[in-house]
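What follows is one structure encoded as structure tokens, with my remarks underneath.
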Amino acid sequence: MTVALRPTDDASPASRSSVARLLTTASWTIAVLVLTLISLSAVFRTNDLLGALLAEFPRPYGRAGLAAIAVYAAGSLAVIVFARLCAARQWLVGPRLPLLIVALAIIVRVVLAMVADAPLNAENRIVHEQALKVLDGACCFSHRPLGYPIALAGAYALLGVGPTAIETLNIAFAAVTVALVWQIGNVTWGRSVAAVAASAYAVVPSQVLMVIVPLTEPMYTMLVTGAVRVAIVLERRPALAAGAVSAGLLAVAQYVRATAAPLVVLVAVLPWLVGWTLRRTLLRAALIGCLFMALLLPVIAYNVRAYGDLSVATSAYGGWSLYVGANREAGGQWNAADAARLAGFPGDSWWERSEYAGTLVIGRVMEDPLGSLAVLPRKFATVWGDETYAATYALRGQAVTRDVHVGWLASQLFWLPLVVLATLGMVVARRDPHPAALLIGMSVSLVAVMHLALEVHSRYHAYLVPLVCLLAATGADAVARSWRGRRPLSAAP
């Protein structure tokens with residue numbers, strides 16, 4: 001029987017420092033607040049889509065499109081309920097249930113891959129062309145991270161250049177992610193929560209759609225989820241090894257997306273927040289930091305050689321991201337005007353032009369300080385309230401077809417209950433603290449704060465969807481227990 005994870009360090013809760021207790025309380029409170037705001041953002045975005053539907057029913061989905069959404073939603077709910085029943089009633093014991101859920105995730109994605117291929121436009125094409133350059137011998141650094149293009153080039157080499165390679169690679173990443181979600185749920189909250197979380201992630205439309213798209217999300221999601229899985233291993237003996245593995249996964253993730261580095265801080269500080277002594281936490285943090293930096297030495301050496309900067313950044317666009325994020329008129333999103341400005345900025349490389357853009361950020365903010373503050377809620381809602389990004393990348397070509405609209409609405413209708421239940425799950429987990437819930441909450445909060453300054457896009461939260469599914473499963477479990485009258489809703493699962 002799996003039990004909830006607890007720290008086993010020599011520090012008892014009573015002996016924890018007041019600073020650690022204060023930071024832990026603040027982290028829980030901020031996470032609940034952020035998730036509440038995410039839920040509200042999702043409500044407003046969903047209301048927009050449903051309002052448009054009611055005004056023009058049944059356009060632009062058509063009755064067939066709406067029926068397809070209803071059938072998929074009903075089937076997905078049935079799968080999630082069945083998975084929970086299997087876990088609660090000890091059906092499909094041992095590894096059979098998680099293997100069945102992983103198989104389900106693969107089947108759903110294979111079916112999609114058989115009927116649809118993502119168009120190679122916009123960023124899809126950029127990543128595809130990066131992979132082709134790698135096939136031609138380009139390696140191993142560029143102005144964009146090459147981690148995923150290198151993996152995609154390997155798939156192209158094995159399976160040929162085309163959609164089959166993209167889809168096979170991404171389906172493999174998704175299958176591993178589903179297994180990791182099961183693992184986190186099982187070791188932390190038990191089989192019932194694990195079954196709900198894994199099966200939910202297996203069928204979430206946005207995550208299913210992303211497997212046909214040549215973008216970093218499937219690979220990056222797997223790496224971040226894997227880092228969380230090993231980071232919550234805090235028992236005395238395996239904790240150092242687990243920390244080292246977590247650092248290694250985040251280092252690889254940094255080669256895929258340049259936003260992985262800040263997550264190392266959360267992994268390093270987690271043991272102190274849940275009961276470790278400061279000395280042992282610092283020793284583990286030193287190991288994590290040294291290994292992370294060691295694995296990124298090739299990046300550091302390249303940046304020093306190419307740009308004269310001592311940096312672990314795998315993207316040349318850090319300064320430009322801040323510059324775009326400060327654009328009030330565009331709501332902090334990519335826009336053609338800023339892209340044109342970047343091309344004309346001083347410098348002989350994208351790195352230098354981006355660095356120059358970064359120096360202009362304070363001036364852009366101070367042009368209208370109140371306006372810059374006023375745009376922050378809009379930026380937050382862009383990142384967190386909208387789940388339609390996947391259908392856009394996967395299905396939208398030159399025109400917005402009915403399939404695109406169906407994908408938008410299906411994705412959004414799944415996202416809303418997920419984030420509402422995740423908010424409840426964070427509240428419930430606070431009553432009986434789990435390191436996993438704390439780490440997930442801190443990760444969501446950190447990413448939310450980062451994108452208040454950086455450029456925003458709705459897909460920038462995609463890699464946290466598996467972690468949101470875990471919190472949502474704890475919330476759903478609390479609702480189920482309360483409904484059956486076994487314990488009040490305020491009690492932990």
Side-chain angles (χ1 to χ4, degrees), residues 109 113 117-177 210-224 226-227 248-261 292-307 309 311-318 320-321 334 339 342-343 348-354 390 393-394 457 459-460 462-463:
R109 287 157 173 79
D117 296 323
L120 287 179
N121 53 21
E123 195 157 353
N124 293 1
R125 177 169 293 280
I126 292 173
V127 175
H128 166 70
E129 290 174 349
Q130 282 182 301
L132 293 180
K133 290 178 181 177
V134 172
L135 274 181
D136 289 338
C139 190
C140 293
F141 305 101
S142 180
H143 54 95
R144 289 171 173 264
L146 280 182
Y148 180 75
I150 289 173
L152 182 57
Y156 282 166
L158 291 173
L159 301 173
V161 176
T164 299
I166 297 169
E167 293 153 2
T168 302
L169 180 67
N170 289 345
I171 288 172
F173 291 144
V176 174
T177 304
M210 286 303 286
V211 300
I212 66 174
V213 180
L215 291 178
T216 60
E217 272 67 24
M219 184 178 184
Y220 192 64
T221 300
M222 179 192 70
L223 292 168
V224 171
L249 289 170
L250 289 175
V252 176
Q254 182 73 2
Y255 284 95
V256 178
R257 290 275 288 275
T259 54
F292 181 79
M293 296 298 291
L295 292 173
L296 288 172
L297 280 176
V299 175
I300 297 170
Y302 172 78
N303 288 338
V304 170
R305 184 174 65 253
Y307 312 119
D309 279 358
S311 171
V312 298
T314 52
S315 169
Y317 296 99
W320 187 72
S321 181
W334 183 94
L342 176 66
D348 297 326
S349 65
W350 291 115
W351 181 285
E352 292 174 351
R353 288 188 282 272
S354 176
Y393 284 108
H457 192 287
R459 76 180 177 96
Y460 291 167
Y463 59 95

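In this text, all values refer to a predicted model and were calculated from it rather than measured experimentally. Numbers here are sequence positions counted from 1.
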Mark yes when over 12 heavy atoms from residues, nucleotides or ligands other than D348 sit less than 6.0 Å from its CG; otherwise mark no.
no
Check whether any side-chain heavy atom of E129 sits under 4.5 Å from a side-chain heavy atom of L120, and report yes or no.
no
Output the distance between atom OG1 (T259) and atom CD (Q254), rounded to the nearest 0.5 Å.
7.5 Å
Search all heavy atoms of L296 against all heavy atoms of A251 and return the closest pair with its distance.
CD2-O, 3.8 Å
Nearest heavy-atom pair of A294 and P298: which atoms, and what distance?
O-CD, 4.2 Å
With a 4.5 Å limit on heavy-atom distance, are the side chains of F173 and T221 in contact?
no
A394 and P119 have their tightest heavy-atom pair at O-CD, 3.4 Å
Trace of the side-chain contact (heavy atoms from CB on, under 4.5 Å) decision for N170 with R109
CA-CA 9 Å; N170 289 345; R109 287 157 173 79; over 6 Å; no
Is there a side-chain contact between R257 and E217 (heavy atoms, below 4.5 Å)?
yes
Of all heavy-atom pairs linking A157 and L135, the shortest is CB-CD2, 4.0 Å
Closest heavy-atom contact between M210 and L215?
CE-CD1, 4.1 Å
Student check: side-chain heavy atoms of L132 and Y156 closer than 4.5 Å:
yes
Would you please test F141 and N303 for side-chain contact (heavy atoms from CB on, under 4.5 Å) and show each step?
CA-CA 9 Å; F141 305 101; N303 288 338; over 6 Å; no
Any sub-3.5 Å donor-acceptor pair from N124's side-chain atoms to Y393's backbone N or O?
yes
Looking only at the aromatic ring of each residue, does the gap between the centers of H143 and Y307 stay below 6.0 angstrom?
no
Once the angle between the rings of Y317 and W350 is folded into 0 to 90°, is it parallel (under 30°), tilted (30 to 60°) or perpendicular (over 60°)?
tilted
Nearest-0.5 Å distance that lies between atom CD1 in I150 and atom CD in Q130:
9.5 Å
Contact check, side chains of I166 and I212, non-hydrogen atoms, under 4.5 Å:
no
Side-chain heavy-atom pair M293, I300 within 4.5 angstrom cut-off
yes
Are side-chain heavy atoms of R459 and E123 found at a separation under 4.5 Å?
yes
Let me confirm one number: the OG-CH2 distance from S321 to W334, rounded to the nearest 0.5 Å.
14.0 Å
May I ask you to test the E167-V211 pair for a side-chain heavy-atom distance under 4.5 Å?
no
Hey, which of Y463, Y255, Y148, Y460 is the one that makes ring pair (Phe, Tyr, Trp, His ring centres under 6.0 Å) with Y220?
Y463
Tightest non-hydrogen contact, residues D117 and P163, listed as OD1-CB, 3.5 Å
